[in-house]
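Proteins get letters first, then strands, A, B, ... in listed order; numbering begins at 1 in each.
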Protein chains: 2
Amino acid sequence: MPDGSKTDRPRTRIQQRNRDLIAEAALEVFSTHGFRGATLDNIASEAGLSKPNLLYYFPSKEAIHTQLLSTLMDTWLDPLRALDAQGDPITELLAYVERKLEISRLYPRESRLFANEIVQGAPRMLTSLEGELKDLVDEKVAIIRDWADQGKIAKVHPYHLIFSIWSLTQHYADFDVQVRAVLGGEEPFDEAPAYLREVFLKLLTP
Amino acid sequence: MPDGSKTDRPRTRIQQRNRDLIAEAALEVFSTHGFRGATLDNIASEAGLSKPNLLYYFPSKEAIHTQLLSTLMDTWLDPLRALDAQGDPITELLAYVERKLEISRLYPRESRLFANEIVQGAPRMLTSLEGELKDLVDEKVAIIRDWADQGKIAKVHPYHLIFSIWSLTQHYADFDVQVRAVLGGEEPFDEAPAYLREVFLKLLTP
DNA sequence: GTCTATAAATAGATAGAC
DNA sequence: GTCTATCTATTTATAGAC
């Protein structure tokens, strides 16, 4: 009797497929227009479903948004989770920068989804920021502080170091139109990896 | 006959005062909720005026937003304009960073107003980005490139250098809630100036 | 110049047939 | 499970009295 129930949400294949369609459409629309700017009409037509059908799968617009944020939260935190206290400090931190930048390149919508939410004061995400996010950062800050104390990297403020990694890498996703407007034809991600590597190598070298 | 008419918009004292009240209220509301999230009701009550009275002074919600963006565009560009080709290169660039950070501290709403607009693809600002902004950046990039060619600063990609200054300084305004959530009680602007100075000093020193 | 009342459009959500 | 039709609330904008 192989069935795989009991996992709570997804049941049939068609349900799973439609939930996925909705999540994908919602990501597209929420990341481009923010929560208020997005409409169920937009999301429905992007998903190729009718508006009432959307609300058959999710109880409300808010529920779609919330589910999206919490699903993607893990993806968002993974690169920092991977920072390894046992590895070589400079290598670990540069690899973290590289991962974050690669995520901005490959998943700009996810980055903008969070950016929209946070710029507006994170009304639907504040507890996650003060909980999961802060806990993870505190844990990694302790590692970075040890590295600095042992003279393995330069003595930099560990929290602000992390802010600067977020800021510099996510900028290429969140402010993509501005970056491209200023660069004209040049592709941002051609030069960004080497540039950011240089920034953090110079900063972190003791 | 001293009167000061002919300047086109503001006439009486009361008109000027109400236009200012509306601009201030609109900045507050648009910067917190974005264009779609803001309502005329919010803006009106924030300004202490009735909704129809708002529309006596401005033809539409869009017009308020547009006027706000174009008024603040100059303030936004001024710190970069002040970059002086005749000054000492490192001093000039560090002073630019300091000015931008100070603006994030003193005028976070203005920063978030632009952030909201740009994250969503700058639908009402794209021409400004491709015009005024790109022109100014191109001009200053030429200066930075000269400095690098003359060996007065390290050889860094000038466009990405500017992106990194924007990104690192505006982060403290745009992502303020996140920064504060992670820091717990610590005041971001206590450490940020010294941290950013260190980042750019290390990066730019030849 | 400012207000109350209201029109017109949009958007989130529900009813009920199939 | 999916659709059409519709309800209700919100929101932009206007009319018209004062």
Can you measure A/Phe58 atom CZ to C/dG12 atom P for me and round it to whole angstrom units?
15 Å

Respond yes when some side-chain nitrogen or oxygen of B/Ser50 is under 4.0 Å from OP1 or OP2 of C/dC3, and no when none is.
yes

Would you mind reading off the distance between A/Ile64 atom CD1 and C/dA11 atom P, rounded to a whole angstrom?
15 Å

Qualifying salt bridge (charged side-chain N to carboxylate O under 4.0 Å, His left out) pairs, either residue in residues 94-104 of chain A, two or more places apart:
A/Glu102-A/Arg105

Residues two or more places apart in sequence or in another chain: which of them pass ring pair (Phe, Tyr, Trp, His ring centres under 6.0 Å) with B/Phe30?
B/Phe35, B/His65

Indicate whether OP1 or OP2 belonging to D/dT11 is found under 4.0 Å from a side-chain N or O atom of B/Asn42.
no

Could you tell me whether the side chains of A/Asp78 and A/Thr75 share a donor-acceptor contact shorter than 3.5 Å?
no

OP1 or OP2 of D/dT2 versus the side-chain N and O atoms of A/Tyr57: is any pair under 4.0 Å?
yes

So which pairs with a foot in residues 52-64 of chain A pass side chain to side chain donor-acceptor pair (under 3.5 Å), sequence neighbours left out?
A/Asn18-A/Tyr57

Under 4.0 Å from OP1 or OP2 of D/dG1: is there any side-chain N or O of A/Asn53 that close?
no

If a protein heavy atom is under 4.0 Å from the base, mark B; if only from the sugar-phosphate, S; if neither, -; do that for nucleotides 12-18 of chain D going 5' to 3'.
BBB----

Sequence neighbours excluded, which residues qualify as salt bridge (Lys or Arg N to Asp or Glu O under 4.0 Å) partners of A/Glu28?
A/Arg109

Exercise answer: donor-acceptor pairs, residues 133-142 of chain B side-chain atoms, under 3.5 Å, sequence neighbours excluded:
from	atom 1	to	atom 2	distance (Å)
B/Lys134	NZ	A/Val182	O	2.9
B/Lys134	NZ	B/Asp138	OD1	3.2
B/Lys134	NZ	B/Asp138	OD2	3.1
B/Asp138	OD1	B/Tyr159	OH	2.5
B/Lys140	NZ	B/Arg81	O	3.1
B/Lys140	NZ	B/Leu83	O	2.8

What residues form a ring pair (Phe, Tyr, Trp, His ring centres under 6.0 Å) with A/His33, not counting sequence neighbours?
none

Closer than 4.0 Å, any side-chain N/O of A/Tyr56 to the OP1 or OP2 of D/dG1?
yes

Helical bend (five base pairs per end, nearest 10°) for the helix from C/dG1-D/dC18 to C/dC18-D/dG1
10°

Short N-O contact, B/Arg180 and B/Glu187, less than 4.0 angstrom:
yes

Residues which pass salt bridge (Lys or Arg N to Asp or Glu O under 4.0 Å) with B/Glu191, listed by chain and number, not counting sequence neighbours:
none

Measure the distance from NE2 on B/His33 to P on D/dT10 and round it to the nearest whole Å.
15 Å

